Amino acid sequence: MRVVHVPVGPAAPVPKEALPGHMDAFAAWTEARCRAERPDLIHANFFLSGLVAAEVSAATGVPFAVTFHALGRVRGWRRTRRTAFGPSARRSRRG
C-alpha cells in the first residue's frame with residue numbers, strides 16, 4: 001500500500017465546515033493522478049472524500065472504498081444539523 005498526500009488547500013488545519021470549498025480541487029487532482037498512475041484502489045476517509053472517490057471512480061474506473069469512523073446518527077442528529085454539511089455540501093464540478 002502507498003499513501004499519497006493530496007496537495008490541495010492550505011498547509012494548515014482547516015475546519016471541517018470549510019472543507020466543501022476545497023472539494024473541486026481535490027477531485028480534479030485525484031482524478032488526474034488516477035488517470036496518470038492507475039492505482040488499484042482509491043481509499044476515502046470521510047464522507048466528503050467518499051463523494052469525491054465515487055465521482056473519480058465513475059470517471060476513471062478505479063474502484064474505491066470508504067472508511068466511516070462515525071455517522072451522523074452515532075454523533076447525534078442535533079449536532080450534525082449544526083454543521084455546514086448537508087445535501088449540497090458536495091456539488092459535482094461536472095454539473
Side-chain angles (χ1 to χ4, degrees):
M1 168 177 55
R2 186 170 68 133
V3 176
V4 177
H5 172 74
V6 178
V8 173
V14 176
K16 67 181 178 180
E17 290 81 9
L19 291 174
H22 300 285
M23 292 298 101
D24 284 344
F26 179 49
W29 189 92
T30 304
E31 183 175 330
R33 183 74 178 241
C34 285
R35 288 188 186 284
E37 297 191 8
R38 198 72 186 156
D40 295 326
L41 180 78
I42 301 166
H43 175 255
N45 195 41
F46 188 56
F47 85 94
L48 285 174
S49 58
L51 293 171
V52 167
E55 179 181 320
V56 172
S57 178
T60 64
V62 176
F64 73 100
V66 182
T67 299
F68 292 102
H69 298 279
L71 300 175
R73 190 169 277 191
V74 174
R75 291 184 178 200
W77 290 113
R78 178 172 285 160
R79 180 175 172 204
T80 302
R81 280 185 251 150
R82 286 190 304 222
T83 70
F85 301 131
S88 63
R90 170 73 183 125
R91 291 190 176 95
S92 171
R93 60 191 158 81
R94 290 186 171 84

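Here the structure is a predicted model, which means the values were calculated and not measured.
- For the pair Thr60 and Arg38, the minimum side-chain heavy-atom distance is below 4.5 Å.
- Put simply, Val56 and Leu41 are part of two different groups of oily side chains (I, L, V, M, F, W, Y) that touch within less than 4.5 Å, one to the next.
- Closest heavy-atom contact between Ser49 and Asn45: OG-N, 3.2 Å.
- Scanning all heavy atoms of the two residues, the minimum distance from Gly50 to Val66 falls at CA-CG2, 3.8 Å.
- Shortest non-hydrogen contact noted between Ala53 and Ile42 is CB-CG2, 3.8 Å.
- Shown here are the side-chain contact (heavy atoms from CB on, under 4.5 Å) partners of Val8, two or more places apart in sequence or in another chain: Val6, His22, Ala25, Phe26, Trp29.
- Using modelled atom types, no side-chain atom of Arg2 and backbone atom of Pro39 make a donor-acceptor pair closer than 3.5 Å.
- From Asp40, atom CG reaches atom CE of Met1 across 12.5 Å, with rounding to the nearest 0.5 Å.
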